[in-house]
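As the structure is a prediction and not an experimental result, all values here were calculated from the model. Each residue takes its place number in the sequence, starting with 1. Ligands are counted one by one from 1 in listed order, and the atoms in each one are counted from 1 as well.
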Amino acid sequence: MQVTRRQFFKIGAAQVAATSLVAMGFSPATALAEVRQFKLARASETRNNCPYCSVGCGIIMYSLGDKAKNARAEIFHIEGDPDHPVSRGSLCPKGAGLLDFVHSPNRLKYPEVREAGSNEWKRIGWHEAIDRIARLMKEDRDANFIKANDKGVPVNRWNTTTFLAASASSNEAGILTQKFARSMGLVAFDAQARVCHGPTVQALATTFGRGGMTNTWVDIKNADFILVMGGNAAEAHPVGFKWAIEAKKTRGAKLVVVDPRFNRTAAVADYYMPIRVGTDIAFLGGVVNWLIANEKIHWEYVKAYTNASFIVAEGFHFDEGLFSGYDEAKGKYDRSSWNYEFDASGNAKVDETLQHPRCVWQLMKAHYARYTPEMVEQICGTPKADFLKLAGWLGELAVPEKVGTILYALGWTQHTVGTQNIRTMAMIQLLLGNIGMPGGGVNALRGHSNIQGLSDLGLLSTSLPGYLTLPSEAHVDLKTYLDKTTPKAARPDQLNYWGNTPKFFVSLMKWFWGDKATKDNDWGYDWLPKWDRMYDVLQSAELMHQGRMNGLVCQGFNPLAAFPDKNKMSGALAKLKWMVTIDPLATETASFWQNHGESNDVNPADIRTTVFRLPSTCFAEEDGAIVNSSRWLQWHWKGADAPGEAKADTEIIAELFVRLRELYKADGGTAPEPILNLAWPYRDPKNPLPEELAKELNGRALADIPDPKEPGKTLVKKGEQIPGFAVLQDDGSTMSACWIFAGSWTQAGNQMARRDNTDTGHGNTPGWAWAWPANRRILYNRASADPAGKPWDPKRKLISWNGEKWVGADVPDYKIDSPPNSGMSPFIMNHEGVGRLFAVDRCSDGPFPEHYEPMESPIGTNPLHPKVVSSPAVRIFKGDRERLGTSADYPYVGTTYRLTEHFLFWTKNSKLNAIAQPEQFVEIGEALAKEKGIVQGDTVKLDSKRGFIKAKAVVTKRIKPLTVDGRTVHQIGIPLHWGFEGQTRKGFIANTLAPFVGDCNTQTPEYKAFLVNIAKV
Ligand code: SF4
């Protein structure tokens, strides 16, 4: 209300009245002229990180209240942190909507239960919820726990309950979940990584030695050439992508996009070329062939730093689509012939001339000779001229002074050949000498904010923290396990860092079982569950579907929406006796028993699953660390309490564990030892502090550690935090929950909380947070210099030898005092010291990537070998083979993806994001729309053999028909983000359409290439 000074005094004749009016906000013009008080003036600021994607942007949360005792903080504003070296104050539309996530009306506030057959949620107390869940878990565990296998080997496993772990919870919640799950004997234990970047870990670890993104977000600015393929960085990782734009602006880098759609990355690229989904190996195999045929190879790098010269054992061959050792009945390979030829001392033989007919170079050359530019066009639909342009640009990088990078994400991982897609590009980067270089690398753009961290913590069926392997039945005792999992150097003078496996493993066992883990009981080895098969998400869901699983715990996971073939998944959940969800938000999984019309057409009365819905805190309401794609562990701080009675995951897991332990103490039960003996040394056993858990992740000395270089001197005193993994011991004198995180919380304090953004060169900011391993930012950086230690490119000098040790802008990824020309190679995690062009026996489907068609192929043949069309080693169950369609009934190719305004199935709960993208749609090309009589805005129905969705049609020029193997192939784009919960309009779960098949290496499902039909509704 505007009033003049005269009017004001007319209104308020009496002073008292005027005073009251002032208090009500009516005041003279002079007062009215005052600027409204700055809303952040008296706010408390708290640093945190965006919890959506793995760019890990810095945010500042502003809350009311000074956090004094009894003052309840309330977050009322969130903005980008200008100090953050990657985001520098930016947030994308997802990050910009964070406040609406924190205050979403879909936040859960109280524990609830949906009883068997009921049609409603009922509020219950925490005590009742925890007690009932603990009793259900104990009942199932006691009845079904397997103590020993039929050979009498202790296996201590519980495989009738599945635990799905979160993707965005902190490392501290993750490690406590690991401790809880393994002490119970759970083997059906998996995380979001399985359905996103599992293939990245397998492919990159196989090739280079570690499974993480090789370089950093900021380092992209150092590239001369950027290929975005198998991803859409501008849309899925918008703030990280700005470093690609920086490279374009500051160094004139060329940006090229290869994608089925002309996407938002393509919109700012220098060149775009189309490709049929699921044919990336054919394309990249064509690049390998072209580079070899045109001598565009960084020869010195390839000879010194790859296994090109290694001689492969006799018996290896590849014919008509099959590698040696294939067993058709099992659908699996015997990989024994996929190895090197060794001499009498156990060293792999090499031929430095690269002429031996069985050396890797010659085998690789022959393997890819079939991938001609014509074959690329025939399989991929990419015009030959486009392909040759890209091959030529990549070829220009085969010199020391030019470096290129690749940015990829789920467009490569979510395929039946996901691992090998990435392997092919990793090989190309080795051929070009781009690994270890600033501006180079294979940059896996992780999806979720902490899926890197939760992979590091081994929340996967057959893993343990730090990429150790969970023992299987074949590892009958500790000695066998360590013998089989500890590699021996395969060439003289190699560091072979995994040779330290016993130190990492024993230190882990001391964390699990503390004083109860002794040399006499093999550090509690028998208490760890031993797996008989991989209980990945596909396997667990299959067992649910068969009625062989009784319980499921979903922690920050929404499998009904996230797993393929929603109808199968819904049927599987309905066969469970009980299910628990732990989530800040209402999810479709928790409500799978509710009828939502066509989008979830079920009858609640028929579903006997008891469902507990436990409310948890979100990122803004807890302390802890998450790991971004660049492997940075960034500590964040709590800005406010959670709504209602929501609790942190750590508290929920701890309460559940304590209750179970009480039950085992009081009532006994099957195999109580691993539970009763578990180390649980927390100040409040029902609510461990993040700081306590973070310190355990780093590890500490349990006895004085002597200095091996100076007898009589102590390296670390008993009780002190260890400075790094180099001091870990295999005699029980150290403990560490995750050896690769050693160094993150030392005697000097919490290294993850550091916020010094000083650039030490090439955009490196080693004082910001802490990166694994050992705060190295660019992995394999010894390879940025030649064997004599001279940088390949003086302008890109990263580390150098100062006469005594390696020093530079980054922490050397090498033995620090090993001089140049020592013979030690830069890939220190590989037992042969070099990057692997030939993957030896590390992959299930071959040592060289080979093109196989998607399981649902629009052409129904494989032009390279018509008798072997799709992956012969694919992960598929019998019933799911019957749920595959053919192009006769489903003639179009469907592919799923994300939009920049949404993050998977979360942001539909956030108002701002719901406004930005309110309604479900699919993208179809103009030619197909015309053929089917569909116009913009029509509602269309998409069918696959497994079900249907309905959505609005967006008719676009962005998707063009391709000519593949002589026929026209239309592709349809299916954004993922809708469901029947949230603030958006109700929609269908897109993964209703995707097939229940997986990559044979990692079991990551195929979401990107399947067959559909489309019709106007
Ligand atoms: S979603 Fe990713 S890019 Fe967007 S603000 Fe969050 S971390 Fe940054």
- Query: Would W217 and W632 count as a close aromatic pair, with their ring centres under 6.0 Å?
  - Reply: no

- Task: Name all residues meeting the side-chain hydrogen bond (donor to acceptor under 3.5 Å, both in side chains) criterion together with T992; count only those two or more places apart in sequence or in a different chain, and write none if there are none.
- Result: none

- Note on the structure: CH2 (W637) and OG1 (T46) are apart, to the nearest 0.5 Å, by 10.0 Å

- Taken to the nearest 0.5 Å, the spacing of L460 CG from Q192 CD works out to 11.0 Å

- Item | For Q414 against V195, the heavy-atom pair lying closest together | NE2-O, 2.7 Å

- Note on the structure: Result, protein N, O or S atoms below 2.8 Å from atom 4 (Fe) of ligand 1, excl. waters, equals 1

- Aromatic contact, H103 with F76 (centres under 6.0 Å): no

- Task: Could you list the atoms of ligand 1 found under 4.0 angstrom from a heavy atom of G56?
- Result: 7 (S)

